[in-house]
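Just follow the structure's listing: the first ligand is 1, and inside any ligand the first atom is 1.
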Amino acid sequence: MNDWLKETLPFLTEVFAGDFSGHDLEHTLRVYHLAAAIWEKEGGDGEIVALAALLHDVDDYKLTGGPMGGTSRAEAFMAEQGVSLDKIKAVTKIIAEISFKGRDTVTPTTLEGKIVQDADRLDAIGAVGIARTFAYGGSKGRPLYIRGESYALDMTAEEYAKHESSSLGHFYEKLLKLKGLMNTETARQLAAARHQFMEDFLAELSAECFF
Ligand code: NI
């Protein structure tokens, strides 16, 4: 798996330069390492897991302004690197299936896809998930919390993309659900401690903010 980390690094550094929305290079590197750890226990094609993890956000609509589920940058990069057509297809399918889209979220069809989706979701929870949530909210000019806010718990992909909530709302609308949505047993185990950490954080926050 390590070869692809080295091969993609210059491309990834360029793609994510100047991003402060939480979809930066470090997020991609964490997803890669998490995916590698899950893959070691769960198996599958390591090259497909590595490429999908490393390239999963290069076409993100929040970053490129392009369509949801697009894969053109990832595809072009792999073609340039001489990746076989079969592998390009497998990787782009994973990237297209990976995102959380409210009620329209899909379960990836392959083991490799399940591993990378789990890795991406693990990086959205725990201490790093808390940090990313408030950084993203700040980049969008959203408040930390809104007193008495009501949460939209069941949204379609389109509603989810347009929806504006406080950073705290994001925990209830997405992050606290992720533990129950893990595809693999290895990720479920990793998610348990991260989920508990968020629960403890939310209890402390509500005490400190006099909710
Ligand atoms: Ni991601």
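Metal site remark for the Ni ion (ligand 1): Asp57 contributes an N, O or S atom at a distance under 2.8 Å.
The residues Asp45 and Lys87 are annotated as salt-bridged, a charged nitrogen and a carboxylate oxygen being separated by less than 4.0 angstrom.
Separating the NZ atom in Lys89 from the OG1 atom in Thr71 is a distance of 12.5 Å, to the nearest 0.5 Å. To the nearest 0.5 angstrom, Thr110 atom OG1 is 4.0 Å from Ile94 atom CD1.
Using cut-offs of 30° and 60° on the angle between ring planes, the pair Phe211 and Tyr145 is perpendicular.
Here the N, O or S atom of His56 that is nearest to the Ni ion (ligand 1) is NE2. Counting just the N/O/S atoms of Asp120, the one with the shortest distance to the Ni ion (ligand 1) is named OD1.
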